[in-house]
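These notes are about the structure you will find just below.
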Amino acid sequence: MTVIRHSRRTELLLLLFAALIVGVGGVLVCLGMDLPLVQAARGLGVVGAIMAAAMMLDLADPRRDRWLLPIVAVLAGLGFLMLWQLDGRQASRQLVWMVAGSGVMVAVYYLIEDVRDLARLKYTSGLLALALVGVTLAFGVEKGGARLWLDVGGLISFQPTELVKVLMCVFLAGYIAERQELLREDTRKVAGFQMPRLRHIAPLMLMVIFALAIFVGQRDLGAAVLFFGLFVAMTYMATGRKAYSVIALVFFAGGAAAAYMTFPHVATRVDMWLNPWSEPVDRGYQILQGLFALAEGGLVGTGFATGGGATIPAATTDLIFAVWAQQLGLAGAVAMVLLFALAAHRSFSIAWQATDSFGALLAAGLAVVFSLQALVIIGGVTKLIPLTGITLPFVSYGGTSVIVNFIALALLMAVSRDCMPARARDGGER
Amino acid sequence: MDLSIILTVGKYAIIVALYAFVLVVFRGIMSQLATESRRGQQVATGARTRSERSMRSRPPARPAVAPRVILEPEPQPEPQSAPEPPPEPPAEPEPVPAPEPEAPAPQLEARPEPEPRTEPEPAPTISDRAQPPELAAAKIDLLAELQAEDEPEPVSEPEPVRASGAAGLLVIESVDETLAVAETVPLSAAVTIGRSDENSLQVFDRFISSRHVLICLRDGRRILVDRGSTNGTFVNGQRVEEEVELSDGDRIAMGNTVLEYHAG
């Protein structure tokens, strides 16, 4: 038990460290924007909410992961500071979302008595995911060229795609965990590749193709890429067969080529990625402004409260990385990537240590979603890959995004609580 | 002027603090990983695989047995139910070594009594792990022949597999104390059997390959696929070439382990 007490203290210290970083940042923002210093407490509110949530999580069962929450606290806190400088109203709302998200995380953590029981809900969550996507497609509201928003009674607008990714993780993990051996062993040789029999893979393919078609129809390319990556990663992790990945890549290349030729908005993205200078004030505006921000940031950045990012479209959501890089420079941007890498590493270790294949696949799937999102948007902003709109987890502004990311975090915590070797149902206690 | 100096210093402070944070978390994660895997190595061979097994294909209520090391010779000779008067001269029962301090010998009383189903009398005690491979192989052959006599033509009367849920493997012979004789292992849509822990049914038997067989449902038929095992798989005495369809009551022999398939 000493180990637990020790790691609990470690988490608290790290959270205090995060509070220190965000607090100093908040003071700088207040100084720079000529606000009373008391307002720096707003930044601390984000870290404070996560800290309170961490303590509440420990009330019932202190055996859980100790590293994800501090990492998230730093990302969320500094992201909030960026947001604050760009748009005060959004920042106030984001603060509410962060507090609410921490509460939701605690609630989900307690509601799930044993994360392995979620495996029984795989079809429910799969169907729910499809239903959500379908409803959005039918009744959604278009914002910024993509129909992603659902207005409920004119009060709350809500972005179902975000929730769909967690539901899809549960579905894929449940489905694949149940059929792991079939997918891996009951194979046939097709053109030199060990292929699974169609009957095992067909439902999976159907589900994914359906989801992808809807996303492409919805013009939510980021989500389409995310889902495809999730699907490929999950099947590879479950079966260890490279053939799946190769086939998937072939599919992806074909699909991407088809989408490029069929959908004008896909073509726009690719053209602007290849040469944003062809239309610098029109279609290439966003990516160029992002690149300018990166350039202005230089090695160590311009510092807080220097008024960066005002010209970047969607600076608070998709392009928040550009603002971060402008204010903290290459050094800060690399630190952010490292933080995401650490979070991903920790999530994958949870998956790797999990004794239950559903728990392992669920944790790995969430880790893939997490890191793919960061990869797609950071890659897009830095012009490594075509820019597709997707949120940067915990950093971007967005109520649904924040809440859902906290739900995903709660699931990871639950896996780290329920599926570790020491918690095996029979024995193993030393 | 003052303000801009403060902002610049603050910016550097934040960047340095960010890297310090990353470093601290990284070191912490790594050291935790190291302790966990060290602890894991001690426990993994027994507890982890067992728990995995119980979650995947076993009823959860199992008597807790202390973790053990796989290739350790049995501390006590096991009573074994051989189906025939043993063809080989029974090996001398090993002198009982002192029980290890770490892994106490599993209690024989904790295990269900071996109930031979078709065999009337339990054979004299032999230590299976002391058998040379040739003897084991010979025994399997003889055993298979005998079984073939017992059940004249089980293959010729194919029984349709009804429900996949109720199907199971009855343990007839086992040298693995976690796989008790007369226990029934439920069969899901696909079960792999072998010595390594990636299998859904892990069997600690020296003569079973690390990936030995796959038993799966295909078009409602239960198929047994030999995954290129070293010592082979015998269904009713016939060595399985690649794959074979199972029918109710088939005897599956691998290494020193014999299982009986029940379609349920």
Side-chain angles (χ1 to χ4, degrees), chain A residues 3 7 10 13-14 17-18 20-21 24-25 27-28 31-32 66-67 70-71 74 78 116 178-186 197 199-200 300-306 327-329 331-332 334-336 338-339 342 345-346 349 353 355-357 420-430, chain B residues 3-4 6-8 10-26 28-29 32-33 35-37 39-40 42-44 46-52 54-56 60-67 188-192 198-200 211 214-219 223 225 227:
Chain A
V3 178
S7 62
T10 311
L13 286 176
L14 284 174
F17 196 168
L20 181 73
I21 298 176
V24 170
V27 169
L28 292 176
L31 284 176
R66 292 287 157 185
W67 307 98
I71 298 173
V74 171
L78 285 182
R116 287 170 285 201
E178 198 179 66
R179 288 167 181 73
Q180 203 168 6
E181 277 89 5
L182 282 179
L183 289 170
R184 188 168 58 205
E185 304 302 343
D186 193 19
R197 282 163 201 279
R199 54 167 52 246
H200 305 319
V300 288
T302 55
F304 283 124
T306 44
Q327 299 195 345
L328 293 175
V334 169
M336 182 208 240
L338 285 177
L339 285 173
L342 284 178
H345 176 271
R346 193 54 213 156
S349 335
Q353 287 172 331
T355 49
D356 171 72
S357 33
M420 288 301 115
R423 309 294 314 270
R425 280 180 186 171
D426 43 6
E429 285 287 337
R430 291 202 146 201
Chain B
L3 188 63
S4 72
I6 292 176
L7 286 182
T8 312
K11 177 186 77 185
Y12 282 109
I14 287 204
I15 291 174
V16 170
L18 268 179
Y19 278 96
F21 183 86
V22 166
L23 204 69
V24 169
V25 172
F26 179 73
I29 286 178
Q32 188 185 342
L33 214 57
T35 38
E36 269 167 5
S37 63
R39 212 171 24 195
Q42 291 166 3
V43 181
R48 179 165 170 179
T49 51
R50 185 170 300 117
S51 64
E52 218 164 50
S54 70
M55 269 178 284
R56 284 199 193 157
R62 288 178 55 77
V65 190
S188 55
V191 167
T192 54
E198 70 183 55
N199 294 284
S200 45
R211 303 156 150 216
L214 160 76
I215 300 176
C216 68
L217 263 182
R218 193 187 296 157
D219 303 320
I223 309 285
V225 185
R227 301 166 68 189

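Each chain gets a letter, A, B and so on, in the order its sequence line appears, and its residues count up from 1. Hydrogens, waters and symmetry mates are skipped; everything else that's a heavy atom, side chains included, is used.
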Item checked: Atom group of T192(B) that falls short of 4.5 Å from chain A, counting heavy atoms ->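 Backbone plus side chain of T192(B), per the 4.5 Å heavy-atom cut-off to chain A.
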Note to self: Is A13(B) close to chain A through its backbone or its side chain, or both, or neither, when contacts mean heavy atoms under 4.5 Å?
What the structure shows: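 Neither part; nothing is under 4.5 Å.
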Next item on the list: Might you point out which heavy atoms bring R227(B) and N199(B) nearest each other, and give the distance in Å?
Entry: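 Looking at all heavy atoms of both residues, the shortest contact is NH1-OD1, 3.7 Å.
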Next item on the list: Look at L7(B), I29(B), V24(B) and state which one has the largest set of heavy-atom pairs under 4.5 Å with chain A.
Entry: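 It is I29(B).
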Measure [X] against the heavy atoms of chain B and call it side chain, backbone, both or neither at under 4.5 Å.
| X | value |
| --- | --- |
| L20(A) | neither |
| V74(A) | side chain |
| V27(A) | neither |

Notebook entry, point to check: Heavy-atom distance under 4.5 Å between the side chains of M336(A) and L18(B), does that happen here?
Noted result: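 They are not in contact (no side-chain heavy atoms under 4.5 Å apart), so the answer is no.
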Next item on the list: Enter the distance from L31(A):CG to F304(A):CZ here, rounded to the nearest 0.5 Å.
Entry: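 Going from CG on L31(A) over to CZ on F304(A), the span is 12.0 Å.
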Next item on the list: Step through the shown structure and confirm whether more than 12 heavy atoms of other residues, nucleotides or ligands are within 6.0 Å of OH on Y19(B).
Entry: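 Buried by this count: over 12 neighbours within 6.0 Å.
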Check: Step by step, would you call I14(B) with Q327(A) a side-chain contact (heavy atoms from CB on, under 4.5 Å)?
Finding: CA-CA 11 Å; I14(B) 287 204; Q327(A) 299 195 345; over 6 Å; no
